[in-house]
A.B. asks: 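Just dropping this structure here.
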Amino acid sequence: MNYKKFRTVLFLLLLLTLTPAASVRAQELDDRALLLIRYTARTELERLAGRLDVWEVRPGEEEDKGRVLAYVSAGERAWLRSLGFTFETLPLPEVGVGPDALLDYACYRTIDQLYADLQVIHADHPSITALMHIGESYEGRDIWVLRITNQAIAGPKPTLFVIANVHGREIITNELAMVFIDYLTDNYGIDPDVTWLLDHHEIHVSASTNPDGHVKNEPPGAYWRKNTNPTHGCSTSYGVDLNRNSTFGWHICGNEYCSSGYPCAQTYRGPSAGSESETQAVEAYARSIFPDQREDALDAAAPLTATGVFITLHSYSNLVLWPWGHTDDPAPNAAGLAALGCKMASYNGYTPKQASGLYRTDGTTDDWTYGALGIASYTFEIGSSSDYFYPPCSRYDALIQPNIPALLYAAKAARTPYLTAHGPDARAVSTTVDGTLRGATVRLTAEIDDRDNGGDRIARAEYYVDAPPWAGGVGAPMTAVDGAFDAPVEQVEAWAPTAGWTPGRHLVFVRGQDEAGYWGPFSATFLTVYTDVVATGVITGQVSGPSGDGLAGANVRFESVGERAGQRFETVTGVDGLYRVTVLSGTYTGTAGALAHYPQTITGVVATAGTTTTQAFSLDGWPRLYLPCLMRG
Ligand code: 0X9
Ligand code: ZN
């Protein structure tokens, strides 16, 4: 056990001796019980979700009929009976309070540990991270955002804002936020996509947005969802549901639906819009990092070129949800919202849908970021049915890892999410060699895939070196390996000349466009060019014509084969038909071509470090007087 784990266990043991067991805690919460409640109409589902602590909706075979899993107080059970709802009681999922199970939660950080880890991450990566203090919780705990971007490159930059733990008990979300932060900070300068993302984009992560609520679940067992503000008229299950307190469309559904006016209800919306300090902190910070790109009228669309992505991490149900939550009407930007939502769901494997399709809610954070600012906004619900709120550590990686590529995609699409998500992915961008001698021409390959972006045919692909288009770069075309752009998935290639590149490592960016005109996001690879390579050899010789005379201005090309394939070294003969080219040691296929001559290809030309290889070409005359196309590729 490392020190960190040891500390965690010690801390949890201490807590355990100081706090009552989970079952005792549960009783404090108004004698709660876990119920499976039948609903037989959509309005009944809406009623239940507006008032109760709904954990899960289990739709039945028939439309608008099914069951709701909810954690319900004695008073709420009376309310259910008075309305004629039928239900059965289920046992609460087992929560680790014994010594064995306790170990099983060692992967979960307390808020104190999480904040300490954020400080360490910031100290370890000062040039790409900043800790932003965005406000305080009801109990006065700090709320932090870690901003991750290469500070040496000035903004404004496209922005992804991820918040976790709006609901106290959804503790896997904090861990996802931390694993995402670790992934970004650990891979900067190592992974090409993370590197350009942090150079050219900003990623902001609030790993706990309801720290007081989190502390109530340390150790797991209390099922505390809301914040801990007891001043609104409830003494037992007090607090405000921070996912019902936002200032866009707060209480818009009226008294019975979407949120509750009862201060003890788990969906209590608070006495007024944005009444809670946690809500205020998130809204003020979001306003400071995103431009306002949408009029407030419900039917006003943000422009298709709107920038920014917002994701709030919740648990559970394996869902990717987008606005609106308060109405079944589609949001004005529904096409773009759905495109990005479905695309992210293709990475994490979740079910994508408009949020109201689960049940309607008002005052949620994502209805606010979309409604108030026009940002492409999402809720991820992490975990499947049997995971509940405290998944054991054996589920940690399985729950977290599929979300990393989904979040990375969100970061890539953040410049223009409503457009980019319609465009194809660029995958498997690579040069066959990581490094080459300056002057070589290098084969670049990628796969352009539109299957999760509308399934349109690919129309073109291009690559940029070091400077993407927004940094003034100019794209170079790539071609379809099979000769034609005519399918939703295309393998593409290009030969990138490195003459004139500065020595060192370069980023090569690739993107594709579908036939509808949508460009997808970039993916990148590293390519290093060297000028001081010792393992070089020289290939020299003469290119002669049918009469034996040297051919001036003939093109000579050596292309590497075998392990280090994908590099070309090219030169042109002088007046006497002689050429001389410096290449990396290795085996080559040589080709010479000249105007009005047939090209000649010679395989198995071996260049050895420090030596000179002689290779002659003798070309037959070409009767027709037009340029052979050989040297164009
Ligand atoms: O009810 C919520 O706040 C979210 N579910 S959770 O179990 N994490 O509490 C869902 C909010 C998503 N929005 C809508 N369903 N409208
Ligand atoms: Zn939640």
Side-chain angles (χ1 to χ4, degrees), residues 34 42 45-59 68-71 93 162-174 176-177 206 208-210 213-214 216-217 223-227 239-246 248-253 257-260 265-270 276 278-279 282 310-331 334 337 341 350-371 377-385 387-391 399:
L34 191 60
R42 176 76 199 261
L45 167 64
E46 297 287 345
R47 262 240 149 89
L48 296 169
R51 171 78 191 262
L52 301 181
D53 181 7
V54 170
W55 287 13
E56 219 182 298
V57 179
R58 298 185 183 171
V68 150
L69 185 68
Y71 195 35
V162 178
I163 71 173
N165 190 215
V166 165
H167 288 142
R169 64 194 175 191
E170 296 168 12
I171 58 176
I172 193 72
T173 66
N174 310 69
L176 170 54
S206 162
S208 177
T209 315
N210 178 7
H214 193 280
K216 286 276 193 187
N217 296 278
Y223 293 106
W224 194 278
R225 167 184 170 95
K226 302 187 284 180
N227 76 353
V240 173
D241 184 347
L242 298 176
N243 208 27
R244 301 291 185 278
N245 189 240
S246 301
F248 186 90
W250 180 82
H251 192 10
I252 196 174
C253 303
Y257 298 104
C258 298
S259 60
S260 176
Q266 291 299 313
T267 54
Y268 177 49
R269 64 179 78 97
E276 302 310 295
E278 295 88 348
T279 310
V282 168
F310 171 79
I311 298 173
T312 176
L313 302 176
H314 284 257
S315 70
Y316 58 90
S317 287
N318 287 356
L319 297 168
V320 173
L321 306 171
W322 56 84
W324 297 116
H326 70 272
T327 172
D328 288 338
D329 294 345
L337 287 167
Y350 291 178
T351 302
K353 60 179 166 189
Q354 183 174 331
S356 63
L358 176 62
Y359 46 75
R360 290 189 306 136
T361 53
D362 56 19
T364 60
T365 321
D366 50 353
D367 265 19
W368 180 82
T369 46
Y370 173 70
S377 301
Y378 298 87
T379 298
F380 285 9
E381 290 280 359
I382 290 132
S384 53
S385 186
D387 286 311
Y388 301 102
F389 295 107
Y390 312 124
L399 291 172

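Note that these values count all heavy atoms, side chains included, but never hydrogens, waters or copies made by symmetry. Every number for a ligand or one of its atoms is a count from 1 in the order of the listing.
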A.B. asks: Counting only nitrogen or oxygen atoms and a 3.5 angstrom limit, does Tyr359 reach ligand 1?
C.D. replies: yes
A.B. asks: Could you give me the CA-CA distance, side-chain angles and deciding distance for Ile163 and Thr365, then say whether side chain to side chain contact (heavy atoms under 4.5 Å, CB included) is met?
C.D. replies: CA-CA 10 Å; Ile163 71 173; Thr365 321; 3.9 Å; yes
A.B. asks: When you compare ligand 1 with Trp55, is there at least one nitrogen or oxygen pair between them that comes in under 3.5 angstrom?
C.D. replies: no
A.B. asks: Going from CG on Leu337 to CG on Leu321, what distance comes out if it is rounded to the nearest 0.5 angstrom?
C.D. replies: 12.0 Å
A.B. asks: Would you list the protein N, O or S atoms within less than 2.8 Å of the Zn ion (ligand 2), leaving out water?
C.D. replies: His167 ND1, Glu170 OE1, Glu170 OE2, His314 ND1
A.B. asks: What is the closest protein heavy atom to atom 8 (N) of ligand 1, and at what distance does it sit?
C.D. replies: Glu170 OE2, 2.9 Å
A.B. asks: Is there side-chain contact between Arg58 and Ser385, with heavy atoms separated by less than 4.5 Å?
C.D. replies: yes
A.B. asks: My understanding is that we take every heavy atom of each candidate and find the minimum distance to atom 14 (C) of ligand 1. Doing that for Thr361, Leu321, Val166, Asp366, which one comes out nearest?
C.D. replies: Thr361
A.B. asks: In ligand 1, which numbered atoms sit nearer than 4.0 Å to a non-hydrogen atom of Ser315?
C.D. replies: 7 (O), 8 (N)
A.B. asks: For atom 6 (S) of ligand 1, tell me which residue out of Arg169, Glu381, Gln354 has the closest non-hydrogen atom.
C.D. replies: Glu381
A.B. asks: Are any of the heavy atoms in Arg244 under 4.0 Å away from ligand 1?
C.D. replies: yes
A.B. asks: Please state whether Ser317 comes within less than 4.0 angstrom of ligand 1, counting heavy atoms only.
C.D. replies: no
A.B. asks: Which label fits Trp55 and Tyr316: parallel for a plane angle under 30°, tilted from 30 to 60°, or perpendicular past 60°?
C.D. replies: perpendicular
A.B. asks: Going by the atom numbers of ligand 1, which of them fall below 4.0 Å from some non-hydrogen atom of Gly325?
C.D. replies: 16 (N)
A.B. asks: Does a donor on one side chain sit under 3.5 Å from an acceptor on the other, for Asp328 and Ser356?
C.D. replies: yes
A.B. asks: Quick one: does Leu358 get an N or O within less than 3.5 Å of an N or O on ligand 1?
C.D. replies: no
A.B. asks: So, do Tyr370 and Trp322 have ring centers that fall under 6.0 Å from each other?
C.D. replies: no
A.B. asks: Would Arg225 count as a contact residue for ligand 1, given that I'm defining contact as a non-hydrogen atom of the residue lying under 4.0 Å from a ligand atom?
C.D. replies: yes
A.B. asks: Has the side chain of Gln354 got a donor or acceptor atom that lies under 3.5 Å from a matching backbone atom of Asp329?
C.D. replies: yes
A.B. asks: With respect to Asn243, determine whether any N or O atom, backbone or side chain, lies less than 3.5 Å from an N or O atom of ligand 1.
C.D. replies: yes
A.B. asks: Would you say the ring centroid of Trp324 lies under 6.0 angstrom from that of Phe248?
C.D. replies: yes
A.B. asks: Side chain to side chain contact (heavy atoms under 4.5 Å, CB included), that's the test. Do Asp241 and Lys226 meet it? Break it down for me.
C.D. replies: CA-CA 5 Å; Asp241 184 347; Lys226 302 187 284 180; 4.3 Å; yes
A.B. asks: Within the structure, does Tyr316 bring an N/O atom to less than 3.5 angstrom of an N/O atom in ligand 1?
C.D. replies: no
A.B. asks: Report, in ascending order of atom number, the atoms of ligand 1 lying under 4.0 Å from any heavy atom of His314.
C.D. replies: 8 (N)
A.B. asks: For the pair Trp250 (side chain) and Arg269 (backbone), establish whether a donor and an acceptor sit closer than 3.5 Å, ignoring hydrogens and angles.
C.D. replies: yes
A.B. asks: Give me each pair satisfying salt bridge (Lys or Arg N to Asp or Glu O under 4.0 Å) with a member in residues 351-361, each pair once, sequence neighbours excluded.
C.D. replies: Glu46-Arg360
A.B. asks: Should Leu45 and Val68 be marked as a side chain to side chain contact (heavy atoms under 4.5 Å, CB included) after you check the CA-CA gap, both sets of side-chain angles, and the distance that decides it?
C.D. replies: CA-CA 8 Å; Leu45 167 64; Val68 150; 3.5 Å; yes
A.B. asks: Looking just at side-chain N and O atoms, do Thr369 and Asp366 make a donor-acceptor pair shorter than 3.5 Å?
C.D. replies: no
